[in-house]
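Whatever order the structure lists them in is the order used to number ligands and atoms, beginning at 1.
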Amino acid sequence: MNYIHEIKYERHPNYEGLTNVEQQLVMNAQQAMNKAYAPYSKFKVGAALLLSNGTVVQGNNQENMAYPSGLCAERVALFHAGANHSDAEVVSIVIVAEGDLLKPNEIVSPCGACRQVMLETQRRQTSPYRIVLVGQKGEVLIFHSAEDLLPMAFGS
Ligand code: THU
């Protein structure tokens, strides 16, 4: 067997592993999650980005009766930043979720399409950004680069 990639991340039992600014971002992500439009899946996701100019961008999943027309929270936030703050870089993204698709001790993990967008966002920047996944019980996973979440990515 060959192994080409190991995923590097930090695991913390609670928010204490986060910087103060990221603790605030968790609240922004939760605020966004509560406003998600997810009447079909009833799975609400929130994302909050901290940009290098200090701006916080919030995104949540936006569903549609024609299912594939909807969009994940992460891409709503990243595309908003790309459209409105194209000269700033992403410093951190915090992602939270709530709903039956997730068992109480599971942590939301971005879908493949969002990872692809997260990676391309990073590759347009001068430095990598932190990806913070927060579980419903407050446990936290921190990735230090979008590269870590998408081994063997298209375009690499
Ligand atoms: N969803 C997100 O917003 N982000 C993810 O990382 C995973 C999935 C959304 C898409 C859809 O609205 C709902 O969650 C159920 O898949």
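- Side-chain contact, Gln30 with Asn28: no donor N or O sits under 3.5 Å from an acceptor N or O.
- For ligand 1, the 4.0 Å heavy-atom shell takes in Ser41, Phe43, Val45, Asn61, Glu63, Cys72, Ala73, Glu74, Leu101, Ser109, Pro110, Cys111, ordered by chain and residue number.
- Judged purely by atom type and a 3.5 angstrom limit, Arg115 uses its side chain to pair as donor or acceptor with the backbone of Pro110.
- Formation of a donor-acceptor pair under 3.5 Å by the Glu63 side chain with backbone atoms of Ser41 is found in this model.
- Counting non-hydrogen atoms of other residues, nucleotides and ligands closer than 6.0 Å to CG of Asn53 gives a total above 12.
- Distance check, rounded to the nearest 0.5 Å: CD of Gln31 to CG of Leu25 gives 11.5 Å.
- The line from OG1 of Thr19 to CD1 of Ile142 is 8.0 Å long, rounded to the nearest 0.5 Å.
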